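We name chains A, B, ... by the order of the sequence lines, and we start the count at 1 in each one. Not measured: the values here are computed from a predicted model.
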Amino acid sequence: MGQLIGALAGRLAQLAAMLLAVVLLCFVAMQALPGDKALQLAVARHGERATEAGIVQAQRDGGFDRSMAAQFADWAGRLVRLDLGHSLVSRRPVAEELGPRLRVTLLAGAASVLLGLAIGLPLGLWAGLRPGGIADGAVAVAAALFSAVPAFLLGLVLMMLFAIRLGWLPAAGSSSLLHWVLPVCTLALGFAAPLARVTRLAVLEAWGAFPVTFGRLKGLSPARAGLRHGVRNAAIPVVMLAGLRFAAVIEGFAVVETLFNLPGLGDLLVRALVARDIPTVQAAALLFGLIYGVVGLLLDAACAAIDPRRRLRLRPL
Amino acid sequence: MLRSSPARMAASTPATTPRTAAWRFCLALAGALGLGATVPSPAAAQDRLLSVVAPWQVTSLDPADTGYIAARMGIAETIVGVEPDGRLVGLVASGWSLDDDRLTWRFPVRAGLRFHDGTPVTPADLMAAVERARATGETLGAVPIASMAVAGDTLVLKTTAPFAPLPAFLTDYAAIVLAPSARGADGKIAAWTGTGPYRVTAIDGDRSVDVAAFERGGALPAVRRARYHAVPQGETRAAMVEAGDADVAYTLLPAAVPRINAGSRAKVQSVTIPRVRVMPLNVGLPVFADVRVRQAISLGLDRAGIAAAVLRHPPSAATQLLPPILAEWHNPALPPHGRDVARARALLAEAGWTPGEGGVLHKDGAALRFTVLVLANRPELPPMAAAMQAQLREIGIDMQIRTGPGSIVPQAHRDGTFQAGLVSRTYVNVPDPIGTILPDFTRDRTVWSQSGWINAEIRALVPEYMASFDEGRRAALRKRIGEILHAELPVIPVAWFEHTVAVSNRLKPVPVDPYEQRYLIDRMAWAN
């Protein structure tokens, strides 16, 4: 128990260090971006009616004339008090901006990963248990196709087919559950494709490995031998992929958010970057880092639960 | 309401087979779960929700940022407004008058007008709106206001010098009149509590604003509820109206228009508006200082081809800076801009440019080459720039293209690297184009327009126009200002702008405001 707590504390310390590095790098990168920050902010606020007076006001609001160290110290000081500051564009508290968008992104990410698992796992299993067959070929072709098609193109095709041609689903928005079907399917299909390929490979390897062969030699049926000795080994790459993919979906959701007009974190981050809305970018970077860190911790825990040999690796470095 | 309950729809349908009953049960269940099936119900016409989609997000509630959304949705009104035919009319004010001194303007508050919170509108509210807009807005900041005072039910505004277009300047959305209760504890605008025919019922982040009809003078508009959806992606807006998710979609990509018209759910209405796609130049650069080079560039452009092939709207080819809809400013007598490659080459030769390496003209060892900054936020601009590049190449001009975000042009102005741009510029920030001509052509520093062009005549004519109340003289001044801009070409007009609106078949044809001030939802009506 003590070993586990120690390991957990160590990983949390690593997470904190990683978050600090992320926000520092992000802050430096924002400062290094080309262009006049006050001007970018004024244009984000007023569009083509941005004036010299608006630029001066933006300069004042953003505190861009202060030194980089002073700006970061100010931001970090507020963060210690759990204050993420105010968005320079909307002038609303950043926490209020991020909250509803985080909910949208997490919900869509979780739903798409679950749906992707529901599609990709059985297909990969099916193909892996019948290597070289028609099913294997069909799954390989479908997986290659959906892996290669960019999310925005897949989303557009789904939108054209199910919203415009058939009229079964709404094209875009987030005001009802039906509005979530197309974006979640777009993300899920993009996830199911590599998952099916990884699952197929994992099953092929695990089922052909010594433990399953040994189980068969013991007299177990192929199914029982696979279930008893193959599943755990095959599960590890699948779990790793699912976890990493979840984090990637959260991070890379912007294209799908934009296409389906979902108010998620990716869309906010892109606009904040263009507007040089530093408090919002910093908070989003912190959040993404946190999500990656937590997902990484959960993945390690899940892999350790599946494979006892990995528990030793939970120890702090 | 379009989003009627499937359960209600099932109850009103007489079919009785087990299969349809099961289907209805599913629909009812879906409705109960809030799945939002979009099925119209005649019985619910009163509650129909009109869905409006447009690109602009509600990034803040500050009227200087997004007051145009409040004004367009009919939530808040300005002191003076403009009708689609260009007439100025009182909105919060019942009208206006000018004293004999030509400095004192009087704006009486419309009798009985109340804010959405029930409080009566006072002249002090008008004064607060003007003061707020002057502090942040480009438009009202240009008005030489000496003082403002309240006299009974009237706002009395004095200028330091005669300023004839004042009523036009008061249509600026930054000066929407809001109730005192709209201000938060910090004094900033925290709500859109206005006087318009619709009141806000909900705002969902920066993506949607829900409104409901507000009774004024004992009458309610035909459309009782509406929702503004901010949908920045053009393809998504088109898809929403094609799929029946939206009733009115503003600002469409040219490529989407024939597709929408070919469908059965919506049709596109378009009207040319006083917005122009122009190429502002840095006239301070040696290459553009010679007016013959500017004229040659203009003559090298195939505007008709660009309008037909890129914009898919041939009438958009700009024959002069301001389009015919600005009847007072558009001058049919001006020789139209058009393509004349031979004349362009002759002008360049006359200016000393001779053929050089790679077919590009040279003079004193320098190539006739420049970089045009293209705003990516208007999707038609990059392909327009590509077409212009090929056309100018034919007359020996090497135009490089650099595409970037909205700030790319003002950034280049600020850091002194601006050579040329391709932007979409509105000439009706206020209904009189003088509101744009003033900052674009009479100031030493501009944000969005040309630079380095100092024309003493224009700088004298514009103030005279603003101070003149003699319509005959004003017309002469407009004519002369137009002639100078047409001949001197500090900005090269390329294409006028067509305001495209996709309208669902569920609606009767909608009025389109070419001044982009209002969506006129209160004048819309359901088709059945």
Taking side chain as everything from C-beta outward and backbone as N, CA, C, O, which of these in [X] sits under 4.5 Å from a heavy atom of chain A? Side chain, backbone, both or neither.
| X | value |
| --- | --- |
| B:Val409 | neither |
| B:Ser424 | backbone |
| B:Asp62 | side chain |
| B:Ala246 | neither |
| B:Arg265 | side chain |
| B:Gln233 | side chain |

(message) Please classify the contact of A:Gln40 with chain B as side chain, backbone, both or neither, using a heavy-atom distance under 4.5 Å.
(response)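 Looking at A:Gln40, backbone and side chain both touch chain B.
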(request) Provide the closest heavy-atom pair for A:Asn261 versus B:Val231 in the form atom of the first, atom of the second, distance. (result)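 For A:Asn261 versus B:Val231, the nearest heavy atoms are ND2-CG2, 3.2 Å.
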(request) Inspect the contact between A:Arg91 and B:Asp65 and indicate whether a charged nitrogen and a carboxylate oxygen are less than 4.0 angstrom apart. (result)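 Between A:Arg91 and B:Asp65 there is a salt bridge, with a charged N closer than 4.0 Å to a carboxylate O.
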(request) Give the member of A:Arg101, A:Met159, A:Glu96, A:Arg165 that has the highest number of heavy-atom pairs under 4.5 Å with chain B. (result)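 Top option by heavy-atom pairs under 4.5 Å: A:Arg101.
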(message) Just so I understand: if I count every heavy-atom pair under 4.5 Å between each of A:Leu268, A:Asp267, A:Val274, A:Leu169 and chain B, which residue has the most?
(response)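 Looking at each of A:Leu268, A:Asp267, A:Val274, A:Leu169 in turn, A:Asp267 comes out on top.
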(request) For A:Arg92 and B:Asp206, run salt bridge (Lys or Arg N to Asp or Glu O under 4.0 Å): C-alpha distance rounded to whole Å, both residues' side-chain angles, the deciding distance at 0.1 Å, then the answer. (result) CA-CA 11 Å; A:Arg92 286 192 285 257; B:Asp206 57 7; 5.5 Å; no
(request) May I ask you to decide if A:Leu259's main-chain N or O and B:Thr236's side chain share a donor-acceptor pair within less than 3.5 Å? (result)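 Side chain of B:Thr236 to backbone of A:Leu259: a pair is present.
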